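Down below is the structure, laid out as structure tokens.
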Amino acid sequence: MTKDRVLIFDTTLRDGEQSPGATMTHEEKLEIAELLDEMGVDIIEAGFPIASEGDFRAVSEISQRSASATICGLARANYKDIDRCWEAVKSARSPRIHTFIGTSPLHRAIPNLDMDQMAERIHDTVTHARNLCDNVQWSPMDATRTETDYLCRVVEIAIKAGATTINIPDTVGYTAPRESADLIRMLLNRVPGADSIVFATHCHNDLGMATANALAAVEGGARQIECTINGLGERAGNTALEEVVMALKVRGDIMPYATGIDTTKIMNISRRVATVSGFPVQFNKAIVGKNAFAHESGIHQDGMLKNAETFEIMRPTDIGLADTSLVMGKHSGRAALRAKLKELGFELADNQLNDVFVRFKDLADRKKEVYDDDLIALVRQNDAVADYLRLKDLRVVCGTRGPQTAELVLEIDGVDKSVTAKGDGPVDATFNAVKALFKHKARLQLYQVNAVTEGTDAQATVSVRLEEGGHIATGQSADTDTVVASAKAYINALNRLIVRRERSAPGEDIKGVSYKDVD
Ligand code: KIV
Ligand code: ZN
């Protein structure tokens, strides 16, 4: 059976990043775009260029760096948005403009356009986009709640004006699989010229049906799926890339559609997106959840030992999970560490490897077994950014009745400073101590703790996201002591803010207005 090709359009950096709290830094966006490109995503929606200077810069730089994927930017239905979008994507090897307008009765009321006025706007804006770029995607936002006749009319107008892809968004996650398939089928049957363009499906997960709806739309004739890594996105999120891709791979017998995705890269990018967005993956999430391949019950383990297919419909290695998770002990050497990290997808320069090796030895001294996840956490600790601030010592006194007390020694620009601070819990006391020694105005946007592995000696990975004057920095750290990991992550985020601030205002005294250490 020959397989029809389904294009994978990833919108992690636009719809995913739009999710409140999921903001990524510029460097993080570039890194995610590179991973998406390497994984074989066909189209990367890199951002919404008119939304902010930061979005514009990210879309432009991703466009310049793109190796194989088409790079797309989002624009509302007006010339200014479309022009800005084109400015940002035009340097891509293969650029695309994606323009949209809400076509359902509720959405038409917002710009206060009647049906005819909106139809004219669609004609004019798609024509304008097409005059700039020969790859134009148009979306009738809230398509699944738009009157059928009107939807056919506007889709026809967009095709005649030059749209090459028509995306049918289920903006509020309202549709159901059969309806999703029927809608695309109906458009293909009724709209003149529909067979000359690609139909895309863009589903939200409010009723938990985003993956099913996207796959049903493909059955109905859609040949582009819009999705995000880990299903990141506003409210309940978007269709998860890993779910549709693996569903098509595993059930190719009943869904004969091929994608260009190298599925062995899924796990790495999933972890990366979880880390940089600060949105952890739920343990029982399909494909990339921590428990997705865990077989704990006796019956399952017995069956698995005899034949893995008893309970597994796909292999962990299909998504890039190493076969075995128990890796190394304290006698393992540098070469073994390098080889293991390579297997996990990390190629480190010598100095980086030395740094990780020191931390690995330290961890192996404190922890009986060092697992893959422990190593990944060690590599991801980004405390090599800038060492303006360094944790020298931390002692926390906890009691059942607070407040807790933190005694902190912090090296600030090479000089040790110490303080004792109180707080509502050990982490609060520690952060107060950091603030007392290094005064700053950064606001805490996110504080998140996860246990890397099982057991009471498990490492905790902590993410701290800070915002100051529009700059955002995320610091991460891992340690068997949660409070130490928290302190390091916080200090790491501050170091990153300092670097960021230095880059945007070179030469400005970092001990000046916002950053001030105590004498
Ligand atoms: O959900 C939606 O309708 C969108 C559009 C901008 C395509 O994200
Ligand atoms: Zn959306």
Side-chain angles (χ1 to χ4, degrees), residues 7-20 22 43-52 55 59 70-78 81-82 84-85 88-89 96-111 118 121-122 125-126 129 135-146 150-151 154-155 158 163-175 179-180 183-184 187 197-211 213-214 217 222 224-241 243-244 277 279:
L7 300 170
I8 296 295
F9 176 110
D10 182 278
T11 184
T12 306
L13 297 173
R14 200 277 300 168
D15 219 340
E17 214 249 350
Q18 217 164 292
S19 171
I43 305 112
I44 298 173
E45 188 162 52
F48 194 175
I50 196 102
S52 68
D55 254 47
V59 179
T70 293
I71 306 299
C72 173
L74 186 67
R76 287 167 302 188
N78 65 66
D81 271 42
I82 293 170
R84 189 76 174 144
C85 178
V89 297
R96 174 182 291 191
I97 296 174
H98 176 193
T99 178
F100 75 101
I101 193 163
T103 50
S104 66
L106 283 167
H107 282 266
R108 288 200 301 269
I110 299 169
M118 180 164 285
R121 170 83 72 92
I122 293 163
T125 49
V126 174
N135 189 340
V136 172
Q137 170 166 328
W138 179 73
S139 296
M141 188 164 74
D142 207 14
T144 52
R145 294 191 301 168
T146 300
Y150 189 59
L151 187 63
V154 289
V155 166
T164 43
T165 299
I166 301 287
N167 175 38
I168 301 299
D170 181 30
T171 306
V172 291
Y174 178 70
T175 199
E179 195 177 63
S180 176
L183 185 59
I184 303 287
L187 289 166
I197 54 97
V198 172
F199 274 103
T201 175
H202 176 112
C203 301
H204 282 265
N205 203 30
D206 300 66
L207 293 172
M209 293 191 280
T211 296
N213 288 337
Q224 176 178 301
I225 297 178
E226 306 211 352
C227 46
T228 59
I229 301 293
N230 300 339
L232 194 68
E234 282 198 90
R235 308 185 308 279
N238 291 59
T239 300
L241 178 146
E243 292 178 14
V244 286
S277 67
F279 276 55

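All ligand and atom numbering here is 1-based and tracks the order in the structure. From a predicted model like this one, the values you see are computed outputs, not experimental measurements.
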Checklist outcome for this item: Logged contact type for Asp15 with ligand 1, heavy-atom cut-off 4.0 Å, is side chain

Checklist entry - Is it true that atom OH of Tyr174 has more than 12 heavy atoms of other residues, nucleotides or ligands lying nearer than 6.0 Å? => result no

Checklist outcome for this item: Any heavy atom of Arg14 under 4.0 Å from ligand 1? The part involved is side chain

Checklist entry - Would you say His98 and ligand 1 have an N/O pair spaced under 3.5 Å apart? => result no

Next on the checklist: Considering both backbone and side-chain atoms of Ser139, is one of its nitrogen or oxygen atoms within less than 3.5 Å of a nitrogen or oxygen in ligand 1?
Outcome noted: no

Item to check | Enumerated ligand 1 atoms positioned under 4.0 Å from heavy atoms of Met141 | outcome: 3 (O)

Next on the checklist: For ligand 1, which is the ligand I care about here, please tell me if His202 has any N or O atom under 3.5 Å from one of the ligand's N or O atoms.
Outcome noted: yes

Item to check | Any Ile97 side-chain heavy atom under 4.5 Å of Ile82 side chain | outcome: yes

Checklist outcome for this item: side-chain contact (heavy atoms from CB on, under 4.5 Å) with Ile44: of Val59, Leu13, Ile8, Thr11, only one passes, and it is Leu13

Checklist outcome for this item: When every non-hydrogen atom of Met141 is compared with those of Pro169, the smallest separation belongs to CA-CG, 4.0 Å

Item to check | Contact summary for Phe48 and Ala75, nearest pair of heavy atoms | outcome: CE2-CA, 4.1 Å

Checklist outcome for this item: To the nearest 0.5 Å, atom CG of Leu74 lies from atom CD of Gln18 at 7.5 Å

Next on the checklist: Checking a contact table here: which protein heavy atom is nearest atom 3 (O) of ligand 1, and how many Å away?
Outcome noted: Thr171 OG1, 2.6 Å

Next on the checklist: Within ligand 1, which atoms have a heavy atom of His204 less than 4.0 Å away?
Outcome noted: 1 (O)

Item to check | Criterion side-chain hydrogen bond (donor to acceptor under 3.5 Å, both in side chains) against His204, the qualifying member of Thr239, Asp15, Asp170 | outcome: Asp15

Item to check | Angle in degrees, rounded to 10°, that NE2 of His204 and OD2 of Asp15 form at the Zn ion (ligand 2) | outcome: 100°

